[in-house]
Amino acid sequence: MDVISSIAQKIVISPSLPYTVAMDYHHRAIERKWQQFWADNRTFRVSNASDKPKYYVLDMFPYPSGAGLHVGHPLGYIASDIFARYKRLKGFNVLHPMGYDSFGLPAEQYAIQTGQHPAITTEANIARYREQLDNIGFSFDWEREVRTSDPLFYKWTQWIFMQLFNAWYDKSRDCAVPIDKLVAHFETHGTQNVHAVCDEDTHFFTADEWKAFTDGEKQRELLKYRLAYLRESTVNWCAALGTVLANDEVVNGVSERGGYPVEQKKMMQWSMRITAYAERLLKGLETIDWPEPLVEMQRNWIGKSVGASVRFAVPALGDRSIEVFTTRVDTIYGVNALVLAPEHELVGALTTGEQKAEVDAYIAQTKKKSELDRMADVKAVSGAFTGSYAAHPLTGKDVPIWIADYVLAGYGTGAVMAVPSGDQRDYLFSSHFGLPIIPISDAQQLDGQADPTKEGRYINSDLINGMTYAEAVDTLITKLESIGAGKAMINYRMRDAIFGRQRYWGEPVPVYFEGGIPRLIDEQDLPLLLPEVDKYLPTETGEPPLGRAKDWKYHGTFDYELSTMPGWAGSSWYWYRYMDAQHTEAFASKEAIGYWKDVDLYIGGSEHATGHLLYSRFWNKFLKDMGYVMEEEPFKKLINQGMIQGRSNFVYRVLDGEGKGTNTFVSHGLKDDYRTIALHVDVNIVSNDVLNLDEFRKFRPDFADAEFILENGKYVCGHEVEKMSKSKYNVVNPDDIIEQYGADTLRMYEMFLGPLEQSKPWNTNGIEGVYKFLRKFWKLFHDAAGNLAVSDEAPSKAELKALHKIIKKVEEDVERFSFNTSVSSFMICVNELTDLKCNKRAILQELCVVLQPYAPHITEELWELLGNASGTLSYASYPAFNPSYLVESEFAYPVSVNGKTRMNLTLPLDLAQSEVEKAVLENEDLQRYLEGKPVKKVIYVKGRIVNVVV
RNA sequence: GCCUGGAUGGUGGAACUGGUAGACACGCAGGACUUAAAAUCCUGUUCGCCCUAAAGCGAGUGCGGGUUCGAUUCCCGCUCCAGGUACCA
């Protein structure tokens, strides 16, 4: 009677529940109970002091957008949570925090449209995110939460900026050094023996000259050395948005967001001297365990080339010369021209009167071209002769000077020496303009194209004739250095990072101006709070939004810097704040940093490869140079989770003779018989590609009386993989999945979908299998009436084998981040135990521990039902694997003939090879396949296979 | 163009160091239970041939070759897909 009434009750409470007889496993009640328990008991609070070894599992923290989490966002968080929970069971003190990268454009755009302060929008979005995250049962220590837009957080972002401002990079020591040391050096030795990474226009001066400088002159000079510095840079200025955009925010010459035109504009901008760290950023890649494509991307981004810089004198210009960078100094005798970027500073001076018209026309044409579209870049060769000649540094011969747009102003010196025999671009250029093409190696094959080979011996090359590549390079560098015409040089593609945005919703730069000189505010005045403004738009005079703040002056008199920091500022150091999120004396205490040191495992998307991950490594190295942190690299191991794509569903509306839509829809399998148009349909009313017709009528009231042509009584939808977006009706909210199936099912299903690193479309088909698994698991502990029924009997051999198989499997899988295979193995284990009718406490209790990282709620509940203290499962011990339970005495060998499997033969594992051969060859069934042919050889691999070769 | 991944049933995927390809799950088909449906349980499910069936035979991991007793796995050549990057001297 009780059972029946409880069923009845269940039906009343949850009429929408698909499985009304699920009287046993009530995921809603269980999950709510444990989430509350963990919060109330601060179960996942972690201490900065422990006898246990430390382990730091970090997720890339989200930007809290207004749309909330969709089902793709938590993929990485689930994986890292499984890993963190597993490490806790393995006896580690695990730091597993979460926070928000809460400065950013969408909140500001919303503020521009609605006038609502971005802080309010952000606060609401964070609350929504938190609720959604809590629903999934993550084991985050929320007491360490950080928000980059919180003044208590950005105080330290500003503080780090101040340290960067107050530092320079000393190449002799190969590290950053406080600027005071540079000032002290200037006072005693001037610029002598200063090896700094600095601007190109620094002056040389003696100690006396330095001392004679005014304070303003000193500051101006020092700015050229600081790691955070102000300089005029060409930026992507978007007038419509009133801001500067990063290169990756500009697509095809228009802004990625909104598609507004973008122009190149010179502006004074804060920059970060990341190029000082180029070599260390490159070297460090060898010491970290990151996915190869990511390492490769950073390597390409840094773009190191080893070569030489060579100076070509230009007699017509007196003492001025053209400097080129080349990676192939060995080809210098093959030079037939110098080619400059049209923007090169010497172009004006070099152009002769005769050539002026042509050159000007060409420059005008290039400008238009770059404005138009670089994507429409045809391989057309173009260029113009300046009329001037340079002198070849070794032969003294005249080398014509050209300009062409295939030479980029921003790379190297903006000028190249053209060697048509060795470089394809130079070859095309030379053949187009009829310049001579001189072979320089006896191994070169110039049949219509350049040959960049380094093999062979040099010819037509005077000084290096007959030499090999290595000999030639050494000889030439030595020679060029001795005549002052060149030197070995390393060039990097990476540029210094622009660090200012003309935006409101970001960290204010803690700088004010006094007589045009930027100065830091006093440390005691941190944080420099974002001022209130009446509108979140640039001022009428084109100044950033902060220019609207009333009476916003340092000490009431000095103007503040009006740009704010870029989106990556806060995320470049946030993982240290988690170590000691409440600390007030520093960004984290020395003790906390000394204990946690670095991130052991970092999980996030590969889209941050060259942004966040590069800048974070840079700031980390800087903080280490200054003695604030301990490790050269912040993220020891990194895993990229794949992107979850959308999977859209379609219905097919039949078209009439004129191509107009009718009120009839045809099922996917029959649509080829009709003229149809595909319409997106909400994936949430489609199950296994079968459309719920009633829901469809509600979804599209305009089709309430539509007719449906069905197949097998069903309307089957078509599907396609697209981006997940509202307009495509393919967004799935994790909350809906959790409501229907529970968080444990969601967690396991997201893992079950496939390898973590792989991108895949979200598809709810198949989630039932995981839900069924959890109910089956629950049933192991209960009798048919739903009462706990666990036996204390000793487990059987088969039961122990099933348990220890999964203990081993999960251990191996988690360590190699293969979470999908664990889920399958759990299913196999529960299937086996169900077949064995196993209800032994000794088995089930350990199984709870093994499954806990994947399905923490159901296992906590069962753990408690088994009589364990409530909520102690998170810190239980992972069961020890005992291989003896897996030992087999015999094995069913697949017996193959010439590699083709023909039969199975069960044999004891301790047989000697000769005995196995005998048993196999004497087998009657085998004779059929041998067809009387003589046996050449028998391959026997113990516990694997027997192969008879005839 | 270059760099990095990837391609396995109707679907998601498994096979970890060369050793029974398709585990596990979805879907589908059939059956049990039920007045019925849902849920649950059971059976089958790579394809082709043969066939009442059982059994059997053949093919098969994008395509073409190779190494090997044995290849989804290693080597060579190609096709397609995804991500990154692009006159980088």
Side-chain angles (χ1 to χ4, degrees), chain A residues 17-23 291-297 299-301 303-305 307 324-328 331 339 374-375 377 379 381 404-408 410-419 422-426 428-429 491-494 606-607 609-610 640 642-643 645 688-690 712 719 721 749 752-755 757-761 763-770 772-773 775-776 779 809 812-813 816 818 820-829 831 892-904 928 936-941 943-950:
Chain A
L17 195 69
Y19 313 107
T20 43
V21 193
M23 59 183 193
E292 196 47 42
L294 207 92
V295 170
E296 200 58 31
M297 270 188 247
R299 239 180 236 136
N300 290 339
W301 190 263
K304 177 179 182 178
S305 352
V324 301
F325 174 73
T326 176
T327 55
R328 291 296 302 273
T331 65
V339 186
R374 271 172 51 207
M375 289 288 284
D377 158 49
K379 279 275 172 242
V381 179
D405 65 0
Y406 80 89
V407 178
L408 304 176
Y411 184 74
T413 59
V416 303
M417 53 181 222
V419 183
D423 182 284
Q424 185 61 18
R425 292 158 304 180
D426 296 342
L428 290 172
F429 184 79
N491 207 23
Y492 297 93
R493 193 185 83 113
M494 185 168 65
S606 59
E607 65 270 24
T610 49
N640 284 135
M643 285 219 297
Q645 295 144 303
N688 282 317
D689 290 336
V690 176
N712 303 328
H719 61 88
V721 175
Y749 185 62
F752 188 58
L753 229 40
E757 298 93 328
Q758 224 168 73
S759 286
K760 52 228 156 191
N763 183 350
T764 318
N765 299 356
I767 195 167
E768 307 254 330
V770 173
K772 269 188 217 165
F773 155 76
R775 279 183 295 160
K776 253 174 133 171
K779 275 191 185 166
K809 177 73 176 155
E812 289 170 353
D813 283 354
R816 66 191 172 106
S818 174
N820 55 326
T821 48
S822 289
V823 178
S824 299
S825 303
F826 278 123
M827 289 173 175
I828 293 169
C829 176
N831 288 347
Y893 282 94
V895 178
S896 47
V897 177
N898 287 346
K900 199 159 282 184
T901 308
R902 294 300 183 180
M903 52 183 284
N904 276 305
R928 211 147 55 86
K936 263 199 225 158
K937 166 154 88 151
V938 177
I939 311 273
Y940 165 66
V941 183
R944 288 270 187 208
I945 201 170
V946 180
N947 188 12
V948 181
V949 186
V950 294

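The sequence lines fix the lettering, A, B, ..., with proteins before strands; numbering per chain opens at 1.
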Q: Are the side chain of A/Tyr893 and the backbone N or O of A/Gly943 linked by a donor-acceptor pair below 3.5 Å?
A: yes
Q: Quote, to the nearest angstrom, the P distance that separates B/rA71 from B/rG64.
A: 15 Å
Q: Please classify the nucleic acid contact of A/Arg299 as base, sugar-phosphate, or nothing, using heavy-atom distances under 4.0 Å.
A: nothing
Q: NA contact type, A/Val407, heavy-atom cut-off 4.0 Å: base, sugar-phosphate, or nothing?
A: base
Q: Classify the nucleic acid contact of A/Asn831 as base, sugar-phosphate or nothing, counting any heavy atom under 4.0 Å across all strands shown.
A: sugar-phosphate
Q: B/rG83 C1' sits how many Å from A/Leu294 CG, rounded?
A: 12 Å
Q: What distance, rounded to whole Å, do you find between the two P atoms, one in B/rG44 and one in B/rC63?
A: 30 Å
Q: If you measure from the Lys or Arg side-chain nitrogens to the Asp or Glu carboxylate oxygens, is any gap between A/Arg299 and A/Glu292 under 4.0 Å?
A: yes
Q: Hey, which of these two, A/Pro894 or A/Arg328, hits RNA chain B nearer its 5' end, going by closest nucleotide?
A: A/Pro894
Q: Over how many whole Å does the gap from A/Glu292 atom CD to B/rG5 atom P extend?
A: 7 Å
Q: Can you tell me if the side-chain N/O atoms of A/Lys779 get under 4.0 Å from OP1 or OP2 in B/rU40?
A: no
Q: Between A/Lys937 (NZ) and B/rG19 (C1'), how many Å, whole number?
A: 14 Å
Q: Does B/rG13 have OP1 or OP2 under 4.0 Å away from a side-chain N or O of A/Gln758?
A: yes
Q: In this structure, how many angstroms lie between the C1' atom of B/rU17 and the CZ atom of A/Arg816, rounded?
A: 12 Å
Q: Suppose you measure atom P in B/rU45 against the same atom in B/rC80; what distance do you get, rounded to whole Å?
A: 37 Å
Q: Give none if B/rG19 has no partner; otherwise give the nucleotide forming a Watson-Crick or G-U wobble pair with it, both distances under 3.5 Å.
A: B/rC69
Q: What's the spacing between A/Lys809 NZ and A/Ile828 CD1 if we round to 0.5 Å?
A: 8.0 Å
Q: Quote, to the nearest angstrom, the P distance that separates B/rC87 from B/rC81.
A: 24 Å
Q: Would you call the rings of A/Tyr411 and A/Phe325 parallel, tilted or perpendicular, taking 30° and 60° as the class edges?
A: perpendicular
Q: Nearest nucleotide by nearest heavy atom, which residue falls closer to the 5' end of RNA chain B, A/Val941 or A/Val770?
A: A/Val941
Q: How far does the P atom of B/rU72 sit from the matching atom of B/rU79, given to the nearest Å?
A: 23 Å
Q: Could a donor-acceptor pair under 3.5 angstrom be found where the side chain of A/Asn947 meets the base of B/rC69?
A: yes
Q: Have a look at A/Leu753 and say if it touches a base, only the backbone sugar-phosphate, or nothing, with a 4.0 Å heavy-atom cut-off.
A: sugar-phosphate
Q: Just checking A/Phe826: base, sugar-phosphate only, or nothing, at a heavy-atom cut-off of under 4.0 Å?
A: nothing
Q: Taking atom P in both B/rC24 and B/rC42, compute the distance separating them and give it to the nearest angstrom.
A: 13 Å
Q: Measure the distance from CG on A/Leu408 to P on B/rU85 and round it to the nearest whole Å.
A: 16 Å
Q: For a quick test of reading the model, state the closest non-hydrogen atom pair linking A/Ser759 to A/Met643 and the distance between them.
A: OG-N, 3.0 Å
Q: Taking the side chain of A/Glu812 as its heavy atoms from C-beta onward, which of B/rG58, B/rA89, B/rC16 lies nearest to it?
A: B/rC16
Q: What's A/Lys809 touching, base or sugar-phosphate or nothing? Going by heavy atoms closer than 4.0 Å.
A: base
Q: Answer yes or no: does a side-chain N or O of A/Ser825 lie under 4.0 Å from OP1 or OP2 of B/rC24?
A: no
Q: Scan A/Ile939 against the nucleic acid and name what it touches under 4.0 Å (heavy atoms): base, sugar-phosphate only, or nothing.
A: base
Q: Sticking with atom P, work out how far B/rU4 lies from B/rU40, rounded to a whole angstrom.
A: 48 Å
Q: Which part of the nucleic acid, if any, lies within reach of A/Arg493 when heavy atoms closer than 4.0 Å are counted: base, sugar-phosphate only, or nothing?
A: base
Q: Looking at B/rA25, I'd like to know if its phosphate oxygens (OP1 or OP2) sit under 4.0 Å from a side-chain N or O belonging to A/Asn820.
A: no
Q: At under 4.0 Å between heavy atoms, what does A/Lys936 touch on the DNA or RNA strands: base, sugar-phosphate, or nothing?
A: nothing
Q: For B/rC26 versus B/rG65, give the span between their C1' atoms, rounded off to a whole number of Å.
A: 38 Å
Q: Is the phosphate of B/rA89 approached by A/Asn491 (side-chain N or O, under 4.0 Å from OP1 or OP2)?
A: no
Q: For B/rA39, does OP1 or OP2 lie under 4.0 Å from any side-chain N or O of A/Arg775?
A: no
Q: Assign A/Pro755 to base, sugar-phosphate, or nothing according to its heavy-atom contacts below 4.0 angstrom with the strands shown.
A: sugar-phosphate
Q: Report which part of the nucleic acid A/Val949 touches: base, sugar-phosphate, or nothing (heavy-atom distance under 4.0 Å, all strands).
A: sugar-phosphate
Q: Over how many whole Å does the gap from A/Glu296 atom CD to B/rC2 atom P extend?
A: 15 Å
